[in-house]
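Notes follow the structure.
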Amino acid sequence: MSTSTPIVGIIMGSKSDWETMKIVCGILDDLGIAYEAKALSAHRNPTQVHVWASTAKDRGIRVVIAAAGMAAALPGVVAAVTPLPVLGVPMETGIMGGLDSLLSIAQMPGGIPVGTLAVGKVGAKNAALLAAAIIALSDDAVAAALDQFRQSQNDTVTELPIAK
Ligand code: RP5
């Protein structure tokens, strides 16, 4: 890690979101970005969510990644009480496949933005990379790690199992 104090705050509405959100942690680990991660629900733990979000900046957090499913209020509730950029990851759900989560997170009222990513694991991956890109603006080590990631992704060419 290039930093030891957490600079990305990850919050998710339930432990059941962890299977998806652990992807964020893996990518941040690879890029050397320290993070903290918590499962707190906007509906079940409103007091703890408010405390976590309203103190995030003072703890040294620079970007928040917030994940939730169904009536996914958590990213918006967090964004309401912190000036930090909040990236929302809609969780895939059994009833509407995550469209419920996506609309709940994306359709914020004007004035309180949440940068909404794709549903599920792709959204988790891209939230981590977008958080890294924001941090890279003011952190050369993270910028170099992100450049290296992009270069190795670029160098990976998938060969199709067909003859020319
Ligand atoms: C949301 O409700 C969570 O983010 C989760 O995606 C969904 C279901 O939560 P559990 O009932 O599995 O705890 O708040």
Side-chain angles (χ1 to χ4, degrees), residues 1 3-136 142 145-146 149 153:
M1 296 239 171
T3 55
S4 50
T5 306
I7 54 175
V8 174
I10 304 165
I11 189 166
M12 60 205 83
S14 169
K15 266 188 178 176
S16 64
D17 300 328
W18 173 244
E19 189 56 30
T20 301
M21 292 306 289
K22 68 184 183 187
I23 290 169
V24 172
C25 301
I27 291 171
L28 296 180
D29 282 337
D30 289 348
L31 296 173
I33 299 172
Y35 53 85
E36 55 173 51
K38 272 248 184 289
L40 288 174
S41 162
H43 300 111
R44 295 167 176 155
N45 317 103
T47 307
Q48 294 95 319
V49 166
H50 192 282
V51 170
W52 186 91
S54 62
T55 59
K57 189 173 181 210
D58 288 344
R59 290 197 307 276
I61 299 298
R62 291 198 236 158
V63 183
V64 171
I65 298 174
M70 303 172 76
L74 185 64
V77 165
V78 169
V81 295
T82 180
L84 296 170
V86 176
L87 308 180
V89 185
M91 294 294 96
E92 204 168 334
T93 61
I95 298 167
M96 294 180 211
L99 182 61
D100 44 355
S101 321
L102 175 63
L103 295 178
S104 299
I105 295 175
Q107 291 292 80
M108 286 295 291
I112 303 293
V114 170
T116 307
L117 283 299
V119 173
K121 292 182 176 176
V122 172
K125 179 177 185 177
N126 282 345
L129 293 171
L130 191 52
I134 293 168
I135 289 162
V142 171
L146 197 53
F149 168 85
Q153 181 170 251

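In listed order, ligands and their atoms are each counted from 1.
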Pull out every atom of ligand 1 sitting under 4.0 Å from any heavy atom of [X], numbered as shown with elements.
X	value
Ala68	4 (O)
Gly13	3 (C), 4 (O)
Asp17	3 (C), 4 (O), 5 (C), 6 (O)

Euclidean distance, Leu129 CG relative to Leu117 CG, rounded to 0.5 Å: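 Between atom CG of Leu117 and atom CG of Leu129 there are 9.5 Å.
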
Quick one: CG on Leu28 to CD1 on Ile10, what's the gap to the nearest 0.5 Å? 5.0 Å

Please evaluate residues Lys38 and Gln48 with respect to the criterion side-chain contact (heavy atoms from CB on, under 4.5 Å), reporting the C-alpha separation (whole Å), side-chain torsions for both, the decisive distance (0.1 Å), and the verdict. CA-CA 10 Å; Lys38 272 248 184 289; Gln48 294 95 319; over 6 Å; no

Just so I know, are the side chains of Arg62 and Ile134 near enough to count as touching, which here means a heavy-atom distance under 4.5 Å?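 Result no, sub-4.5 Å side-chain heavy-atom pair not found.
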
Would you mind reporting whether Trp52 and Val64 have side-chain heavy atoms less than 4.5 Å apart? yes

Using heavy atoms and a 4.0 Å limit, tell me yes or no: is Arg44 in contact with ligand 1?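 The answer is yes: ligand 1 sits under 4.0 Å from a heavy atom of Arg44.
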
Note the single closest protein heavy atom to [atom], along with its residue, its atom name and the distance in Å.
atom	answer
atom 10 (P) of ligand 1	Ser14 OG, 3.4 Å
atom 7 (C) of ligand 1	Met70 SD, 3.9 Å
atom 12 (O) of ligand 1	Ser16 OG, 2.7 Å

Would you check whether Gly69 has a nitrogen or oxygen atom less than 3.5 angstrom from a nitrogen or oxygen atom of ligand 1?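 In this structure, Gly69 places an N or O atom under 3.5 Å from an N or O of ligand 1.
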
Keeping the roles fixed (side chain from Thr93, backbone from Gly69), state whether a donor-acceptor pair exists under 3.5 Å.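 No.
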
